[in-house]
Amino acid sequence: MIEEIKKQVRELLTSGTIKGFLGLREIDGHIAPYLFCDAEDMDSMNLGDYKKPGDARYPLNRILIHLLSHYPDEILGVLVRGCDQRGLNGLYSLNQLDPEKVIPVGIPCPPELAEACECSRPYPENRAVDGQAEGYSNQTLARIAGLDIGKRFEYWMNEFARCIKCYGCRDICPMCICRECSLECGDLVGKGDIPPENPIFHLIRAVHMADRCVDCGLCAEACPADIPLRTLYKKVADIVKKEFDFQAGYQPDAKSPLNVLDQ
Amino acid sequence: MDYKTVLTTCTYCGCGCNMYLEVMDGRITGTIPCKTSPINEGKLCIKGWNVHEFVQSPKRLTRPMLRKNGDLTEVTWDEALDFTASRIKSIKEKHGNDSIAFLTSAKVTNEENFLLQKFARAAVGTNNIDHCARL
Ligand code: SF4
Ligand code: SF4
Ligand code: SF4
């Protein structure tokens, strides 16, 4: 699969269709985000697979926003999995990226990764290569929803209590784009309090992600306290899906219902 | 178009978490935890996440400072070292070895910490040595 992708990216670079390709490369035994500007460099490209498929994924869309705001006239390619493509769709509708400036190169995820992510769509709409895993339903969420309300509350309070307030969940998130973050608003989150007030800190972020989270799981992977953040955001996204029939990034042109003022 | 990520080690404590510093047009713009590091496996604490902010901060001290007539004044390394050495000597003579204490840092290397404790014990003759993590 990777050779075919390298070939396609080389073509995009040599034809001048894109100025650079934001992907990952292996260097000195590590996998790092990398901006390929030279087709020759493509040999070292990696898809984010270190010990297991997809275990070295990085928030490429977050870097892409940064790059394109710095070089607004350029067109860049970017490596995308299903969640990244959902992220691009969401970021287009939030006016954070211009679709004219982005050429996604899509790859499907293997079943092992799709299962670990409990991902309902482990592939982007357009793919550079064939092969796709089935979507998985969310067993973890179903299991927690099955607990009685007291146990469920206790479960979440215990999980949240470990938070060290590193802000890693926000800092890694490709969909956290606000200039002023509510998690830094002194009226909502006390400055200097560690652990942060439970459960307010976590619920503020959960509410803010309800119509934005594309379920990439990078927050949970960055959490030093192993708090099941992904499950929490799957839950809030599920509420928005049920109430408003909206899922962030799944329908390319859809606008969030939470941004609409209506009766 | 100049963007790169540079693998480095956090300077804030002795854990040694690995991170990428994002560099755009020669300026450090962000920090990304390294997922393939066996130390921190893609995680950081709040200090590590903000390493990029201090590196280029204009508030950083770049030269030794000495308080002269109440004001901190930039001086040469020679002047700073002469002053410190002569004060340590005179305090040691007047008040004894244990009137002096050394505070070293979790941000420096093992070897540098070794040197400072050696200096405290062998040159000054005190066991009063501690480090910033217990401040
Ligand atoms: S969330 Fe889905 S698309 Fe993203 S890495 Fe996991 S399986 Fe792949
Ligand atoms: S899974 Fe986490 S990191 Fe990914 S979009 Fe949702 S909140 Fe952000
Ligand atoms: S990443 Fe985990 S520990 Fe850090 S602020 Fe978020 S929930 Fe808390």
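Just the heavy atoms: all of them, side chains too, but no hydrogens, waters or symmetry mates, feed the values below.
- For A:Asp55, the part sitting under 4.5 Å from any heavy atom of chain B is the backbone (N, CA, C, O) and nothing else.
- Residue A:Glu100 places its CD atom among 12 or fewer non-hydrogen atoms of other residues, nucleotides or ligands, all under 6.0 Å distant.
- Note on A:Pro59, A:Gly168, A:Ala56, A:Gly48: by heavy-atom pairs under 4.5 Å with chain B, the leading option is A:Gly168.
- Annotation: maximal heavy-atom pairing with chain B below 4.5 Å, among A:Lys19, A:Lys165, A:His66, occurs at A:His66.
- The heavy-atom pair separating A:Glu74 from B:Met1 by the smallest distance is CG-CE, 3.5 Å.
- Listed here is the closest heavy atom pair of A:Tyr71 and B:Met24: CE1-SD, 3.8 Å.
- In terms of heavy atoms, A:His30 sits closest to B:Tyr20 at CB-OH, 3.3 Å.
- Note that CG of A:Leu22 is 7.0 Å distant from OH of B:Tyr3, once rounded to the nearest 0.5 Å.
- Residue A:Lys51: no heavy atom, backbone or side chain, is found under 4.5 Å from chain B.
- Using a 4.5 Å heavy-atom cut-off against chain A, the contacting residues of residues 4-15 of chain B are B:Thr5, B:Leu7.
- At least one side-chain heavy atom of B:Pro33 sits under 4.5 Å from a side-chain heavy atom of A:Ile172.
- Contacts between A:Ile194 and chain B at a heavy-atom distance below 4.5 Å are absent for every atom of the residue.
- Residue A:Asp28 places its CG atom among 12 or fewer non-hydrogen atoms of other residues, nucleotides or ligands, all under 6.0 Å distant.
- Contact detail for A:Tyr58 and B:Thr36: the closest heavy-atom pair is OH-N, 4.2 Å.
- Only the backbone of B:Glu41 comes within contact range of chain A, with at least one heavy atom under 4.5 Å from a heavy atom of that chain.
- Most heavy-atom pairs under 4.5 Å with chain B, from the set A:Gly20, A:Ala222, A:Cys37: that is A:Ala222.
- Atom NZ of A:Lys6 has more than 12 heavy atoms from other residues, nucleotides or ligands within 6.0 Å.
- Contacts of A:Glu184 classified as salt bridge (Lys or Arg N to Asp or Glu O under 4.0 Å), with partners at least two apart in sequence or in another chain: A:Arg170.
- Within 6.0 Å of CZ in B:Arg87 there are 12 or fewer heavy atoms belonging to other residues, nucleotides or ligands.
- Counted within 6.0 Å of CD on B:Glu74, heavy atoms from surrounding residues, nucleotides or ligands total more than 12; the atom is thus considered enclosed.
- Among B:Asp25, B:Ile32, B:Asn50, B:Asn18, the residue with the largest count of heavy-atom pairs under 4.5 Å with chain A is B:Asp25.
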